[in-house]
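Let me begin by handing over the structure; questions about it come next.
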Protein chains: 2
Amino acid sequence: MRRHARGATKLRVMFGTEIAIGPGKAELLRHIARTGSISASARRMGMSYRRAWLLVDTMNRCFREPVVASAAGGSGGGGARVTAFGRKVLERFDAMRRRVDRALDPELERFAGLLR
Amino acid sequence: MRRHARGATKLRVMFGTEIAIGPGKAELLRHIARTGSISASARRMGMSYRRAWLLVDTMNRCFREPVVASAAGGSGGGGARVTAFGRKVLERFDAMRRRVDRALDPELERFAGLLR
DNA sequence: GCCCGTTATATCCGGCGGTATATTACGGGC
DNA sequence: GCCCGTAATATACCGCCGGATATAACGGGC
């Protein structure tokens with residue numbers, strides 16, 4: 001999986017020194033929304049469950065409300081879901097990304113010409 | 001030194017998996033332009049010479065032309081200068097940063113309200 | 001020709017981020 | 001009450017990034 005195209009930009013929203021949300025956490029949120037599971041999302045993204053859980057934990061700590069609600073036990077052994085608040089966070093982050101892409105479109109094209 | 005304000009954004013321009021330029025490398029370039037020395041810049045930024053040199057090396061490898069030209073020996077023991085090409089890179093990166101800040105200004109304000 | 005401060009490179013080492021693994025808790029289905 | 005798959009947590013281990021240190025090359029000043 002190609003992570004970053006040549007000359008692409010990466011946007012992160014910082015909360016102090018921690019990354020409240022960035023490309024990776026946003027993708028993780030989308031996986032959790034689709035699979036309803038942190039561990040399944042971790043497998044699909046090729047990362048350890050521990051890392052996925054830490055990313056979720058960081059997000060839940062950075063934002064005013066949890067972006068992911070999880071439950072252990074129950075049908076299917078439990079699961080995790082993206083809260084309505086989490087969907088809003090994701091929507092706004094994606095909107096920010098689109099804005100950045102549009103705003104940088106002319107600049108970035110020229111800037112990429114400076115790269116090897 | 002507070003590195004990132006609450007809810008601030010961070011922009012990086014990727015070259016494959018490497019960071020061609022970001023906030024840290026941009027600041028390093030500005031220091032080199034002022035001091036004419038990699039080691040002096042490293043001291044001022046509180047990092048090792050090794051790290052500063054590696055950052056410069058990464059930039060020089062990512063871009064089509066060197067952004068820093070250096071010389072060992074000579075008056076003052078040598079030194080480093082930011083090339084005209086490097087100044088252009090820095091100018092354009094700063095312009096991109098400003099564009100991002102302006103484009104995200106309304107979004108970011110609302111997004112910050114979602115943070116703790 | 002020696003001194004000096006810098007660039008450039010190599011080596012060693014500690015901390016940290018990450019994986020891998022194991023263990024426990026949980027709760028619905030059967 | 002057992003099974004199952006997940007969440008949640010702890011532990012051990014490893015690789016890598018970065019700092020600290022040492023050394024060599026360099027070239028102008030004196």
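By convention in this document, chain letters (A, B, ...) are assigned in the order of the sequence lines, proteins followed by strands, and residues within each chain are numbered from 1.
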Donor-acceptor pairs are to be reported for all side-chain atoms of residues 36-57 of chain B against protein atoms at under 3.5 Å, with residues two or more places apart or in another chain.
{"unit_1": "Ser37(B)", "atom_1": "OG", "unit_2": "Ser39(B)", "atom_2": "N", "d": "3.3"}
{"unit_1": "Ser37(B)", "atom_1": "OG", "unit_2": "Ser39(B)", "atom_2": "OG", "d": "3.1"}
{"unit_1": "Ser37(B)", "atom_1": "OG", "unit_2": "Ala40(B)", "atom_2": "N", "d": "2.9"}
{"unit_1": "Ser41(B)", "atom_1": "OG", "unit_2": "His31(B)", "atom_2": "O", "d": "3.4"}
{"unit_1": "Ser41(B)", "atom_1": "OG", "unit_2": "Ile32(B)", "atom_2": "N", "d": "3.3"}
{"unit_1": "Ser41(B)", "atom_1": "OG", "unit_2": "Thr35(B)", "atom_2": "OG1", "d": "3.0"}
{"unit_1": "Ser41(B)", "atom_1": "OG", "unit_2": "Ser37(B)", "atom_2": "O", "d": "2.7"}
{"unit_1": "Ser48(B)", "atom_1": "OG", "unit_2": "Arg51(B)", "atom_2": "N", "d": "3.2"}
{"unit_1": "Asp57(B)", "atom_1": "OD2", "unit_2": "Arg61(B)", "atom_2": "NE", "d": "3.1"}

Reading 5' to 3' and counting Watson-Crick or G-U wobble pairs with both distances under 3.5 Å, write the dot-bracket notation for DNA chain D, | for bases paired outside the strand.
||||||||||||||||||||||||||||||
Give me the residues of residues 82-89 of chain A where at least one heavy atom lies under 4.0 Å from an atom of DNA chain D, by number, or none.
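By residue number: none to list.
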I need the CZ-C1' distance between Arg43(B) and dT7(C), as an integer number of Å.
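Roughly 12 Å, once rounded to whole Å.
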Of all of residues 33-41 of chain A, which get a heavy atom below 4.0 angstrom from DNA chain C, listed by number?
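Contacts with DNA chain C under 4.0 Å: none.
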Check whether any side-chain heavy atom of Asn60(A) lies under 4.5 Å from a side-chain heavy atom of Val67(A), and answer yes or no.
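With C-beta onward as the side chain, the pair touches.
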In whole angstroms, how far is the P atom of dC17(D) from the CH2 atom of Trp53(B)?
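Those two atoms, CH2 and P, are 15 Å apart.
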With side chains defined as the heavy atoms from C-beta onward, is the minimum distance between Phe15(B) and Thr58(B) less than 4.5 Å?
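With C-beta onward as the side chain, the pair stays apart.
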Mind calculating the distance between CG (Asp57(A)) and C1' (dG17(C)) to the nearest angstrom?
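Computing the Asp57(A):CG to dG17(C):C1' distance gives 15 Å.
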With Phe111(B), which residues qualify under ring pair (Phe, Tyr, Trp, His ring centres under 6.0 Å), at least two apart?
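Expected list: Phe63(A).
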Going 5' to 3' along nucleotides 18-30 of chain C, which nucleotides have protein heavy atoms under 4.0 Å from the base (write B), which only from the sugar-phosphate (write S), and which from neither (write -)?
SBB-----BBS--
For residues 95-110 of chain B, please give each side-chain donor-acceptor pair under 3.5 Å, one per line with the distance, not counting sequence neighbours.
{"unit_1": "Arg99(B)", "atom_1": "NE", "unit_2": "Glu107(A)", "atom_2": "OE2", "d": "3.2"}
{"unit_1": "Arg99(B)", "atom_1": "NH1", "unit_2": "Ala103(A)", "atom_2": "O", "d": "3.1"}
{"unit_1": "Glu107(B)", "atom_1": "OE2", "unit_2": "Arg99(A)", "atom_2": "NE", "d": "3.1"}

Listing request: all salt bridge (charged side-chain N to carboxylate O under 4.0 Å, His left out) pairs with a residue in residues 76-94 of chain A, at least two apart in sequence or in separate chains.
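Qualifying pairs, neighbours excluded: Arg30(A)-Asp94(A).
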Just N and O in the side chain of Ser70(B): are any of them under 4.0 Å from OP1 or OP2 of dA8(C)?
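Indeed, a polar side-chain atom of Ser70(B) lies that close.
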